[in-house]
Amino acid sequence: MKFAVVKFPGSNCDRDMLNAAIKAGGEAEYVDYRETSLEAYDGVLIPGGFSFGDYLRSGAMASVSPITRAIKEAAAAGKPVLGVCNGFQILTEIGLLPGALIFNDTHTFISRNEVLTITNNETAFTSGYEKGEAVTFPVAHGEGHYYCDDETYDTLVENDRIVLTYNDNPNGSRADIAGIVNEAGNVFGLMPHPERALETLLGSDDGLRLFEKMNAWEANHDHIH
């Protein structure tokens, strides 16, 4: 699998994302936000950071970048698209995932390890985990409160699209939601950083399995809803 790591002005987790894809056995290259095609890639990784300085609101400026159309085309083609932190915010801004990310209830920036629960292991992203398994990923955000209306929430629950939840909700997210997938199961957005959880020496290697499963995407496509 060859992954595109999309870089926006202000992206700051792009190297972590590139490293994660390669460590999991894949290939990865940086792609500038001004590019208009992702046809050369098998998957798309949208890293964390502060695209365009979070001007207007997180992900808003990135959502009108030239690369956006190509990300939508990749998603429509069934390629895996992973957005972490600012990447999750961008995926909601461009409409590939429902809901929005708003300020943490505390209105403070949080940066620490969080324990999370895998609530759905029947996706091609999470099939390497046990359902109900506790994992530890770092979080680092000021706008990580996942918000959605009642109708959207009911749809997420009914279709088992809530993949990851916080054990000790740090930001006020609805129903402890930390990550969701789209209806087709090939677009995954989450606020915690699995790409920073690759080494036990650094606190956790729980994130590696996620990238290993992405790298085996074709073999695991039957897990897609």
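Just so we're clear, the structure is a prediction, and the values are computed from it rather than from any experiment. Hydrogens, waters and symmetry mates play no part in the numbers below; they use all other heavy atoms, side chains included.
- Take Glu199 and apply the side chain to side chain donor-acceptor pair (under 3.5 Å) test, not counting sequence neighbours, and it matches Lys23.
- Considering only heavy atoms from C-beta on, Ile118 comes within 4.5 Å of Leu164 through its side chain.
- Residues Val135 and Ser204 are not in side-chain contact: their nearest non-hydrogen atoms beyond the backbone lie 4.5 Å or more apart.
- Considering only residues two or more places apart in sequence or on other chains, Glu29 meets the side chain to side chain donor-acceptor pair (under 3.5 Å) condition with Tyr41.
- Here Thr108 pairs with Thr106 under the side chain to side chain donor-acceptor pair (under 3.5 Å) rule; sequence neighbours left out.
- Taking Glu143 as the reference, nothing meets the salt bridge (charged side-chain N to carboxylate O under 4.0 Å, His left out) condition, with sequence neighbours excluded.
- Residue pairs meeting the ring pair (Phe, Tyr, Trp, His ring centres under 6.0 Å) criterion with at least one partner in residues 100-129, sequence neighbours excluded, are Phe103-His107, Phe125-Phe188, Phe125-Trp217.
- For Asp14, the salt bridge (charged side-chain N to carboxylate O under 4.0 Å, His left out) criterion is met by Lys7, not counting sequence neighbours.
- In this structure, Cys85 SG and Ile90 CD1 are separated by 10.0 Å, a value rounded to the nearest 0.5 Å.
- Residues Asp105 and Asn169 are not in side-chain contact: their nearest non-hydrogen atoms beyond the backbone lie 4.5 Å or more apart.
- With a 4.5 Å cut-off on side-chain heavy atoms, Leu38 and Ile67 count as touching.
- Atoms CG and CD1, on Leu96 and Ile71 in that order, are 8.0 Å from each other to the nearest 0.5 Å.
- For Arg209, the salt bridge (charged side-chain N to carboxylate O under 4.0 Å, His left out) partners at least two apart in sequence or on another chain are Glu133, Asp206.
- Inter-residue side-chain proximity for Thr136 and Val115 is flagged as met; some heavy-atom pair is nearer than 4.5 Å.
- For residues 56-75, the pairs satisfying salt bridge (Lys or Arg N to Asp or Glu O under 4.0 Å) are Arg57-Glu93, Arg69-Glu73, with sequence neighbours left out.
- A distance of 6.5 Å separates CD in Glu130 from CG in Asn121, rounded to the nearest 0.5 Å.
- Note on residues 35-46: no pairs pass salt bridge (Lys or Arg N to Asp or Glu O under 4.0 Å), not counting sequence neighbours.
- Considering CG of Asp154 and SG of Cys148, their distance stands at 8.5 Å, rounded to 0.5 Å.
- Residues that satisfy the salt bridge (charged side-chain N to carboxylate O under 4.0 Å, His left out) test with Asp149, not counting sequence neighbours, are absent from this structure.
- Under the 4.5 Å side-chain criterion, counting only non-hydrogen atoms from C-beta, Pro192 is not in contact with Glu114.
- Pairs of residues two or more places apart, or lying in two chains, that qualify as ring pair (Phe, Tyr, Trp, His ring centres under 6.0 Å) and include a residue from residues 51-79 are Tyr33-Phe52.
- With rounding to the nearest 0.5 angstrom, the CE atom of Met1 is 4.0 Å from the CZ atom of Phe3.
- Atoms CG and CG, from Asn182 and Leu156 in turn, are 11.0 Å apart once rounded to the nearest 0.5 Å.
- By the side chain to side chain donor-acceptor pair (under 3.5 Å) test, Asn86 is found to be paired with Ser51, Gln89, residues two or more places apart in sequence or in another chain being considered.
- For the residue pair Asn171 and His141, a side-chain donor N or O sits within less than 3.5 Å of a side-chain acceptor on the partner.
- Contact annotation: the side chain of Leu101 approaches that of Thr92 to within less than 4.5 Å [non-hydrogen atoms, C-beta and beyond].
- With contacts defined as side-chain heavy-atom distances shorter than 4.5 Å, the pair Ile180/Pro98 qualifies.
- Val6 approaches Val44 most closely through the heavy-atom pair CG2-CG1, 3.9 Å.
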